[in-house]
**Student:** 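So that we are looking at the same thing, I have put the structure below in structure tokens.
Atoms within each ligand, like the ligands themselves, are counted from 1 in listed order. In this text, all values refer to a predicted model and were calculated from it rather than measured experimentally.
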Amino acid sequence: MSQRVANFFSDLRRRQQLLLPVWFEDGQVIILDQTRLPFQEHHLALRHVNEVAVAIKAMQIRGSGAIALAGAWGLYLAALTNQSTPEQIKEAGDLLKKTRPTAVNLQKTIDEITRELEPFQGEALTRTVEDRVLAIVQRQLDFEIRLGHFGAQVIGDGDTILTHCHSGALAGAGYGGRALSVLRAAVEQGKRVKVIASETRPYLQGARITAWELGQLGIPVTLITDNMSGFVLQRGMADLILVGSDRVAANGDLANKVGTYLLALAARDNDVPFYTATSSHTIDLSTPSGKEIAVEMRDPREVLLFNGAPIAPESTGAIYPSFDITPAELISGIITERGVLRPPYREKLAWLGSERETR
Ligand code: RUB
């Protein structure tokens, strides 16, 4: 392994206090297994891209930014394999892309790393993949810090923020991901904030991961079950809603963890501002609206079982759409690394998305 990769991570850690979901060490992709949080901090050490694909599918690493970075390091493993060719790296990319279809960052990251590799072979090929992976990790971290800074403007001193699922460092590059970057930046600016986190059935990202990560940041958190959010909003217990985003369509429709849409409806009914934190990398100009976003359907057993034990009669059916679509008209603002976009979104997103392509 290149000494450069080792130096890259030690520099990152020296400059910033980070909570890394994934990194590369001694020829292995290291992943903090999010299925074991908050009770165990167990790391997986993966040596083959297939293992990385399995870990993403099994949600041992999850969140739109983190799975993109895991995919990037998976491609690096593929590139380090003796005699690997651009064709084989592309095949590894195709395998990774199939693991989780909704979060566009994974798809875009794979495309960015595997494009135009044909002229390279041997060490030049490995080096090219390494350059691209390092640039992507650095860029994602820079985005988190910048969007956190812009997003903190919408947070008032003393605010209580309701969030859903987990959009934090472990779902991103390590500063605070999306939603929690905004909160981390607000706290760094001296604002006092509190969070209400919804547990996020069936996988419990809110209860297990958001609550744990906010604890690491020293931000007070109150847990609710998902069906309590209407009560919380009606009683004026939250000043704003802040969630992440797995894909933003060209018209501003948002795919995020299932349950987000209901929250946005209740927010509108109670005049509570609803924000998503995202980056230009999550804007998908090739998808005109939310209707065209592919929603990942997961195994119904994840709904029918809780901690491995059945919670319904054996004959019961179930569905598990992992995401839902929040229409643009319910979104008060889209927080990005270039500022907070306000509706109408179409032209602003086109500007942001195309600016990025040319940078
Ligand atoms: C994660 C999820 C998070 C988003 C947004 O889904 O929906 O809310 O990833 O957060 P899963 P971010 O747990 O199924 O991967 O924008 O920070 O990724």
Side-chain angles (χ1 to χ4, degrees), residues 19 21-22 31-35 37 55-71 99-109 140-141 143-145 147-148 151 161-184 195 197-210 212-214 226 241-248 254-264 274-284 290 293-299 302-303 320-326 331 334-337:
L19 202 51
V22 54
I31 283 176
L32 174 61
D33 184 349
Q34 297 188 31
T35 61
L37 286 174
I56 295 174
K57 184 84 198 158
M59 292 175 58
Q60 288 173 300
I61 183 159
R62 41 134 314 275
S64 67
I67 59 175
L69 297 186
T99 55
R100 303 219 47 204
T102 305
V104 74
N105 288 37
L106 174 63
Q107 326 291 323
K108 282 194 184 180
T109 297
Q140 202 168 303
L141 203 49
F143 279 0
E144 288 181 12
I145 293 164
L147 75 88
I161 294 96
L162 172 52
T163 191
H164 183 54
C165 194
H166 167 256
S167 172
L170 292 180
Y175 170 75
R178 313 291 186 69
L180 299 198
S181 281
V182 170
L183 300 185
R184 180 171 171 177
V195 172
S198 50
E199 63 170 355
T200 322
R201 271 277 292 153
Y203 190 79
L204 304 182
Q205 290 96 327
R208 297 187 305 101
I209 310 170
T210 301
W212 181 79
E213 203 172 302
L214 287 167
D226 299 338
I241 294 177
L242 179 59
V243 296
S245 51
D246 286 85
R247 191 182 294 235
V248 180
L254 164 73
N256 194 56
K257 179 53 58 194
V258 68
T260 302
Y261 169 49
L262 281 176
L263 259 186
F274 176 99
Y275 288 94
T276 185
T278 192
S279 77
S280 50
H281 206 236
T282 302
I283 295 160
D284 180 13
I293 296 179
V295 171
E296 175 188 6
M297 298 301 290
R298 290 187 64 85
D299 188 335
E302 294 180 355
V303 172
Y320 180 5
S322 196
F323 302 93
D324 61 20
I325 308 298
T326 300
I331 303 174
I334 300 179
I335 297 164
T336 76
E337 82 277 7

**Student:** Do E199 and R201 sit within salt-bridge range, that is, some charged N less than 4.0 Å from a carboxylate O?
**Tutor:** no
**Student:** Check ligand 1 against S64 and write out every atom of the ligand that is under 4.0 Å from a heavy-atom position of the residue.
**Tutor:** 9 (O), 12 (P), 16 (O), 18 (O)
**Student:** Is it true that G244 lies under 4.0 Å from ligand 1, counting heavy atoms only?
**Tutor:** yes
**Student:** Is it the side chain (CB and beyond), the backbone, both or neither of C165 that lies under 4.0 Å from ligand 1, heavy atoms counted?
**Tutor:** side chain
**Student:** Is it true that a side-chain atom of E337 and a backbone atom of S280 form a donor plus acceptor pair closer than 3.5 Å?
**Tutor:** yes
**Student:** Please state which part of Q205 comes within less than 4.0 Å of ligand 1, counting heavy atoms only: side chain, backbone, both or neither.
**Tutor:** side chain
**Student:** Donor-acceptor pair, R247 side chain versus A255 backbone, under 3.5 Å?
**Tutor:** no
**Student:** Looking only at heavy atoms, is any part of F323 under 4.0 Å from ligand 1, and if so is it the side chain, the backbone, or both, or is it neither?
**Tutor:** side chain
**Student:** Any donor-acceptor pair under 3.5 Å linking the side chain of T102 with the backbone of E296?
**Tutor:** yes
**Student:** To the nearest 0.1 Å, how far is atom 16 (O) of ligand 1 from its closest protein heavy atom, and which atom is that?
**Tutor:** S245 N, 2.9 Å
**Student:** Non-hydrogen atoms of H166 versus ligand 1: any pair closer than 4.0 Å?
**Tutor:** yes
**Student:** Side chain, backbone, both or neither: which part of S322 comes within less than 4.0 Å of ligand 1 when only heavy atoms are counted?
**Tutor:** side chain
**Student:** Among all protein non-hydrogen atoms, which one is nearest to atom 4 (C) of ligand 1, and what is the separation to 0.1 Å?
**Tutor:** D246 OD1, 2.9 Å
**Student:** Show, in sequence, the C-alpha distance, side-chain angles and deciding distance for D226 and H164, and conclude whether the side-chain contact (heavy atoms from CB on, under 4.5 Å) test is met.
**Tutor:** CA-CA 8 Å; D226 299 338; H164 183 54; 4.0 Å; yes
**Student:** If the cut-off is 4.0 Å to any non-hydrogen atom of R100, which atoms of ligand 1 fall inside it?
**Tutor:** 11 (P), 14 (O), 15 (O)
**Student:** Passes side-chain contact (heavy atoms from CB on, under 4.5 Å), V258 versus Y203? Steps please.
**Tutor:** CA-CA 11 Å; V258 68; Y203 190 79; over 6 Å; no
**Student:** Counting only heavy atoms, tell me which of R62, K257, H164 gets closest to atom 14 (O) of ligand 1.
**Tutor:** K257
**Student:** What protein heavy atom sits nearest atom 17 (O) of ligand 1, and how far off is it?
**Tutor:** S167 OG, 2.7 Å
**Student:** Determine the sole option in T278, T282, D246, D284 for which the side-chain hydrogen bond (donor to acceptor under 3.5 Å, both in side chains) test with N105 is passed.
**Tutor:** T282
**Student:** Spell out, as yes or no, whether a donor-acceptor pair under 3.5 Å connects the side chain of T200 to the backbone of S198.
**Tutor:** yes
**Student:** Less than 4.5 Å apart, side chain to side chain, heavy atoms only: is that true for F143 and Y175?
**Tutor:** no
**Student:** Please confirm whether N256 comes under 4.0 Å of ligand 1, counting heavy atoms of the residue only.
**Tutor:** yes
**Student:** Mind checking whether M59 has an N or O less than 3.5 Å away from an N or O of ligand 1?
**Tutor:** no
